[in-house]
Amino acid sequence: MPSVSMTINGKKVLGEVEARTLLVDFIREDQRLTGTHVGCDTSQCGACVIHINGEAVKSCTMLAVQANGAEITTIEGLANGDELHPMQEAFRDNHGLQCGFCTPGMIMSAVALAKRNSAPSEKEVRHYLEGNLCRCTGYHNIVKSVIAGARAMS
Amino acid sequence: MYNFNYQTASSADDAAAKVSASDEGKLLAGGMTLLPTMKQRLAMPSDLVDLSKAGLSGISVAGNVVSIGAMTTHDTVANSKEVASAIPALAKLASGIGDPAVRNRGTIGGSIANNDPAADYPAAVLGLGATIVTNKRSIAGDDFFTGMFDTALEDGEVITRVDFQVPETASYIKFPNPASRYAIVGVFVAKTAGGVRVAVTGASPCVFRASEMEAALTANFSAGALENSSVSANGLNADIHASAEYRAHLVGVMAKRAVAACS
């Protein structure tokens, strides 16, 4: 089986995987980092968004072998100990989640947006979140959270 | 998904050799269509040959030609200052493909090699009369898209880059499916050295040029010139999102908007 090595949340990890192992399965099943979610089987929902070399990608639509040598950040890598990341804090303050299933992907996408654009408009936030589906909130408070979180990060 | 052998290619020729040597190998570009297809077990390649280390990404502008490497991501094209200044319609088209995570992985070479009937890039390649360069030859945009999910590429042929001539003016407008962002109908209009070109995606099984509209715009390049031209609904796609008649109507509306957006 192919072997892979990558850095996840600052920690170097090694593993042996089948070629067909999706990156999200390597993260969840092998590394036991279950904050990254799988909400669909069609690459549409965005619950599995992580950062690879700083860019937001859907970890369900990438093979673990394709991430060989990559720097990966998952939702578990954002907080600093007990102190939430400003984007996580903003989602809490603005009631940006209800059931929370989509939240890891939402927050990883939001952080990627905020790194490019520290003061996104509502329209820019909605455009950027087109690949993240939420079935509870109606998005309104998510958009508020992202705008507040981006401001707090800058 | 079914299992397969994973290989990496160090160049386009290496990729071609590895695919040809395999049973039923496939090239892996960004994987934004291929991997979801394999997840559904709708494809069962024996091998995937990964092009990410084949040195095929990058953008260069020389004179009147913008060259985009096959493995260049949609996000890179969308945010390229060179593309935005030479062919702004192309950067805008790339910025509207899928969603940000898809744009960070999906590539121009993968998109046109797949030739999805509703993909955006085929409209730009046909609308701008681009040239597709492979490890073997150059293929004119007009000859490249041969049918639904079908292209002029031969077995073991690998796209290395796409060369776009800078047009006088161009614009792309699409009516996106609200879930997938694929074009229900997208129209690329360009005024090029070789004349006016109108390429339509999403409407039919394969991207096509709307010749009646091209003739009308050649006589008078304005949205009003399209008032009397129409596209027949005959043979157009019909699904739960839009009937063939609705798509035919949308071609006219998108074309007029695209012409109006050309400045």
Side-chain angles (χ1 to χ4, degrees), chain A residues 1-4 17-25 36 38 40-70 105-106 108-117 120 124-133 146, chain B residues 1-9 22 25-54 57 71 73-76 78-79 92 95-107 110 176-182:
Chain A
M1 285 203 295
S3 46
V4 290
V17 295
E18 284 190 307
R20 64 177 162 180
T21 303
L22 296 172
L23 180 57
V24 70
D25 291 329
T36 301
V38 180
C40 75
D41 200 21
T42 50
S43 306
Q44 285 173 312
C45 80
C48 68
V49 169
I50 60 166
H51 294 178
I52 296 189
N53 303 327
E55 297 285 1
V57 305
K58 291 179 179 175
S59 59
C60 78
T61 311
M62 206 172 148
L63 304 168
V65 287
Q66 288 178 287
N68 197 19
M106 286 286 177
M108 297 311 285
S109 286
V111 170
L113 169 62
K115 282 182 179 166
R116 289 184 177 206
N117 181 351
E124 287 167 332
V125 171
R126 288 185 185 275
H127 180 60
Y128 201 86
L129 293 181
E130 279 176 355
N132 292 85
L133 304 184
V146 176
Chain B
M1 73 176 71
Y2 298 107
N3 210 3
F4 52 87
N5 300 312
Y6 174 80
Q7 308 188 50
T8 54
S22 66
K26 270 190 178 291
L27 297 167
L28 176 61
M32 294 296 99
T33 300
L34 180 56
L35 294 176
T37 307
M38 289 174 66
K39 281 162 65 174
Q40 300 297 319
R41 293 195 165 184
L42 296 171
M44 191 172 59
S46 63
D47 293 69
L48 285 190
V49 180
D50 187 346
L51 290 166
S52 63
K53 303 212 163 47
S57 64
M71 286 294 287
T73 64
H74 309 325
D75 185 68
T76 303
N79 290 301
K92 182 167 167 277
S95 74
I97 299 173
D99 59 54
V102 167
R103 292 194 287 273
N104 282 334
R105 298 285 304 165
T107 67
N177 177 316
S180 70
R181 312 291 165 189
Y182 270 105

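Keep in mind that what you see is a predicted model, and the values were worked out from it rather than measured. Within every chain, numbering begins at 1; the chains are lettered A, B, ... in the order of the sequence lines, protein sequences first and strands thereafter.
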TODO: Give the minimum heavy-atom separation between A:Ala19 and B:Phe4, together with the two atoms involved.
DONE: CB-O, 3.3 Å
- [ ] Working to the nearest 0.5 Å, report the span between OG1 of A:Thr61 and CG of B:Leu34.
- [x] 11.0 Å
TODO: Verify, without hydrogens or angle tests, whether B:Asn104 (side chain) and A:Val57 (backbone) share a donor-acceptor contact under 3.5 angstrom.
DONE: no
Task: A:Ile52 and B:Arg105, any side-chain heavy atoms less than 4.5 Å apart - done: no
Task: Closest heavy-atom pair and its distance - B:Arg41, A:Arg20 - done: NH2-NH1, 4.2 Å
Open item on the list: Can you pull out every salt bridge (Lys or Arg N to Asp or Glu O under 4.0 Å) where at least one residue sits in residues 41-60 of chain A? Sequence neighbours excluded, please.
Closed with: A:Glu55-A:Arg116, A:Lys58-B:Asp99
- [ ] Determine the option with the most heavy-atom pairs under 4.5 angstrom with chain B, choosing from A:His127, A:Met62, A:Gln44.
- [x] A:Met62
- [ ] Please flag which part of B:Ser95 lies under 4.5 Å from any non-hydrogen atom of chain A: side chain, backbone, both or neither.
- [x] backbone
Task: Approximate separation, where rounding is to 0.5 Å, of B:Arg103 CZ and A:Glu130 CD - done: 7.0 Å
- [ ] Determine yes or no for a side-chain-to-main-chain donor-acceptor pair under 3.5 angstrom, with B:Lys39 supplying the side chain and A:Cys60 the backbone.
- [x] yes
Task: Under 4.5 Å from a heavy atom of chain B, the part of A:Leu129 involved - done: neither
TODO: First locate atom CG of A:Leu63, then atom CG of B:Asp50, and finally report the distance between them rounded to the nearest 0.5 Å.
DONE: 8.0 Å
Open item on the list: Tell me which of these, B:Pro178, B:Ala179, B:Ala101, B:Ser52, has more heavy-atom pairs under 4.5 Å with chain A than the rest.
Closed with: B:Ala101
